[in-house]
Amino acid sequence: MTLTYRVPTDDDFDALLRRDEEAFGDVFDDAARLAARDAVDLDRFRMVLDGRDVVGLAGSFEMELTLPGLAVVPLGGTTWVSVAPTHRRQGILRRLLDDVHRDIADRGAPIAGLISSEGGIYERFGYGIATRSRVTTIDRRLVSIAPDFVPAPGSVRLVDPMELVDELVEIHTRYRRARAGEVDRSGAVMKRRLHRLGAGVRCALHADGYALWKIVSNWGNAEPQHRLDLGELTACTADAHVALWHVVLSHDLVGPIRSEQAIGLDDPLPYLLTDQRAVRTDAVHDMLWLRPDDVGRLFAERSYRVDDTFVIEVNDTGERWRVTADDAEPTDTAADLVSTRAGLGSLLLGGTSVTELARGRRVEIDPALLGRADAFFGWSPTPRCTTMF
Ligand SMILES: CC(C)(COP(=O)(O)OP(=O)(O)OC[C@H]1O[C@@H](n2cnc3c(N)ncnc32)[C@H](O)[C@@H]1OP(=O)(O)O)[C@@H](O)C(=O)NCCC(=O)NCCS
């Protein structure tokens, strides 16, 4: 079997789409195909051919990632990863990722990131879990915004999101630049997201936020209890947050409000409701995985909540960095904290404590330093990523 690895051209795009459809069970209609074509830069992709058949594929998006302290760095968003079932477990993914990671670094991004289909694949390639997502259900019939917090009417309009993509991107940009873990969305990515939510997507727009949802009807036996699938609720301000939630919760005929990721782990929503228990967590799962490449640059660019100094070592290369609240410099001094590359991916945004990583055997550190290290590397609000890519 002779395999050819190469950069795809425009003529290959439909074959790449078919490979992606086969792998992930999606079906792209014409509009989704165009949105997908707009969103990818094929020079950042690598494909594998066996004869004329595309048997493997991987690429990256040019993206930006917000770090603690709100520095924004280039991110290679690893994506469209698949290998045909006829060719799996022969090292094709490994070879593809080597090429994609090299390409990301050559383009000047200090870090790669991805959203993973399965939990067991990517740690071996240096990716660690950096943000987590919460799946929730709220029974709308039992709860509302508490009377003290009900906003004055008039700040939210119902709109057609496809007609206001630029406005949504502008609001999202303001939001994501203020939240560690979030990544950018271009107009093409926003359109692709709206296509993925599918026909019938509704949008509530506030000057500083928006919510996207679909209603799945269920008339019951003369007891209407439609399901509202909330795709996203993005708010730059506390006023926008409560105003949008008030509209979402004001949907008569709706029973459950389900959300895959609209309610972050530290979302203040429960405090605004008549019943804090009403936000039921159905699942918590990994969301953004990060693979730091230029460790010095990343740990220099992020902020820290306290002044301190730690020497960190990456165990695969042995490189050591003296990290202070202001900078990170190469050093030969003995390390305070030795980590896998994936462990540093989990540490970078401060959403996972050093104590947890040490107990999980991803980080080695003198237990006497754990309190200081948790205070130094930790971050609040909890890093969050709400963009699938
Ligand atoms: C996941 C997938 C891309 C793997 O491709 P592959 O060419 O079979 O992978 P490789 O042969 O290069 O495997 C590389 C390593 O990853 C491991 N690995 C691959 N797939 C794995 C999986 N699903 N779970 C756990 N480990 C996996 C291999 O065992 C191998 O480990 P080792 O080198 O440490 O021994 C392929 O199975 C696939 O297309 N799956 C469906 C689509 C998908 O989930 N894509 C990922 C999207 S984020």
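Just so it is clear, the values below take in all heavy atoms, side chains as well, and ignore hydrogens, waters and symmetry mates. Atoms within a ligand are numbered from 1 in the order they appear, just like the ligands themselves.
- Between the side chains of S82 and R19, at least one donor N or O lies within less than 3.5 Å of an accepting N or O.
- Ranking protein heavy atoms by distance to atom 45 (N) of ligand 1, first place goes to V81 O, 2.8 Å.
- Not close to ligand 1: T78, with no non-hydrogen atom less than 4.0 angstrom away.
- For the atom pair OH (Y122) and OG (S116), the distance works out to 5.5 Å, reported to the nearest 0.5 Å.
- Ranking protein heavy atoms by distance to atom 39 (O) of ligand 1, first place goes to V83 N, 2.8 Å.
- Protein non-hydrogen atoms do reach within 4.0 Å of atom 12 (O) of ligand 1.
- Closest protein heavy atom to atom 43 (C) of ligand 1: S117 OG, 3.5 Å.
- Residue contacts with ligand 1, taken as heavy atom pairs separated by less than 4.0 Å, involve R124 solely via side-chain atoms from C-beta onward.
- Atoms of ligand 1 lying under 4.0 Å from at least one heavy atom of G91, given by number and element, are 10 (P), 11 (O), 12 (O).
- Using bins of under 30°, 30° to 60° and over 60° for the plane-to-plane angle, the ring pair Y127/H101 lands in the tilted bin.
- Set against the non-hydrogen atoms of I92, the atoms of ligand 1 under 4.0 Å away are 7 (O), 12 (O).
- For atom 1 (C) of ligand 1, the closest non-hydrogen atom on the protein side is I121 CD1, 3.7 Å.
- Here is the list of ligand 1 atoms found below 4.0 Å of a heavy atom in R88: 8 (O).
- The two residues R297 and P74 come nearest to each other via the heavy atoms NH2-CD, 3.3 Å.
- Listed by number with element, the atoms of ligand 1 under 4.0 angstrom from any heavy atom of I115 are 48 (S).
- The aromatic ring centroids of H241 and Y175 lie 6.0 Å or more from each other.
- At a cut-off of 3.5 Å, with distance as the only test, a side-chain donor of R185 or T387 sits close to an acceptor on the other residue.
- Ring orientation note: the planes of F13 and W80 are tilted relative to one another, at an angle of 30° to 60°.
- Residue-level proximity to ligand 1 for R94 is carried by backbone and side chain together, each with a heavy atom below 4.0 angstrom.
- Side chains of T137 and D282: a donor on one and an acceptor on the other come within 3.5 Å.
- Within ligand 1, counting atoms from 1 as listed, the ones closer than 4.0 Å to a heavy atom of Y122 are 46 (C), 47 (C), 48 (S).
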Test side chain to side chain contact (heavy atoms under 4.5 Å, CB included) applied to T340 and D316, step by step: CA-CA 7 Å; T340 61; D316 61 358; over 6 Å; no
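- In this structure, R291 is not positioned above the aromatic face of F125 in the sense of NZ or CZ being under 6.0 Å from the six-membered ring centre and within 45° of the axis.
- Distances from atom 20 (N) of ligand 1 to the protein include at least one heavy-atom value under 4.0 Å.
- Protein heavy atom closest to atom 23 (N) of ligand 1, with residue, atom name and distance, is E118 OE1, 2.7 Å.
- Closest to atom 28 (C) of ligand 1, if we only count protein heavy atoms, is R89 CD, 4.2 Å.
- Heavy-atom proximity to G120, at under 4.0 Å, picks out these atoms of ligand 1: 25 (C), 26 (N).
- Ring pair F377/F310 is tilted by interplanar angle, where 30° to 60° counts as tilted.
- Ligand 1 has no nitrogen or oxygen under 3.5 angstrom from a nitrogen or oxygen of S82.
- Of all the heavy atoms of L114, none lies under 4.0 Å from any atom of ligand 1, so neither backbone nor side chain is involved.
- When heavy-atom distances to ligand 1 are checked against a 4.0 Å cut-off, Q90 comes that close only through its backbone atoms N, CA, C and O.
- The existence of a salt bridge linking K214 and D229 is excluded, since no basic side-chain nitrogen approaches an acidic carboxylate oxygen closer than 4.0 Å.
- Taking a cutoff of 4.0 Å between a charged side-chain nitrogen and a carboxylate oxygen, R202 and D160 do not qualify as a salt bridge.
- Protein heavy atom nearest atom 9 (O) of ligand 1, with residue, atom name and distance: L93 CB, 3.3 Å.
- Residue, atom and distance of the protein heavy atom nearest to atom 14 (C) of ligand 1 are F125 CZ, 3.9 Å.
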